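Let me begin by presenting the structure, written as structure tokens, before commenting on it.
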Amino acid sequence: MFRRRRRRSSSFSRRTPPQLKYIAYGACAVAVIGLFVFFIGQSDTLAPEPQEIRVEIPDAFKE
């Protein structure tokens, strides 16, 4: 019900931004980029060998 105001030592001083929040965002961004690079590497490693696909079409180029 009652709101308590936190008083700063000086009315001219700025409040410091919460550093922990920015560190958490940075850690999440690094983790997402790391997972992206990991899965790209896995897709290259686990991909099957490319094979030629041919479909014979009679009379495709009529002369």
Side-chain angles (χ1 to χ4, degrees):
M1 289 192 161
F2 298 108
R3 290 187 180 187
R4 294 183 183 180
R5 291 186 182 183
R6 289 176 30 182
R7 294 184 183 240
R8 292 181 241 163
S9 61
S10 172
S11 61
F12 296 107
S13 66
R14 288 186 164 180
R15 185 189 297 179
T16 58
Q19 298 294 330
L20 187 61
K21 188 176 184 180
Y22 296 130
I23 293 172
Y25 286 150
C28 289
V30 168
V32 167
I33 293 170
L35 284 172
F36 181 76
V37 170
F38 172 75
F39 284 126
I40 292 294
Q42 287 297 313
S43 68
D44 287 342
T45 304
L46 300 175
E49 291 294 323
Q51 297 176 354
E52 182 180 352
I53 298 173
R54 298 188 74 178
V55 178
E56 297 294 331
I57 301 175
D59 300 330
F61 299 103
K62 294 183 180 181
E63 293 184 7

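None of the values given here were measured: they were computed from a predicted structure.
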Side chain to side chain contact (heavy atoms under 4.5 Å, CB included) involving Q51 - partner list, sequence neighbours excluded: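 Testing Q51 for side chain to side chain contact (heavy atoms under 4.5 Å, CB included), a comparison that skips the adjacent residues, returns none.
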
Indicate the atoms forming the closest heavy-atom contact of S43 with I40, along with that distance.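 Heavy-atom minimum between the residues: OG-O, 2.7 Å.
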
Residues in salt bridge (Lys or Arg N to Asp or Glu O under 4.0 Å) contact with E49, at least two apart in sequence or another chain: none

Side-chain polar contacts of residues 20-31 - donor-acceptor pairs under 3.5 angstrom, sequence neighbours left out - could you list them?
none

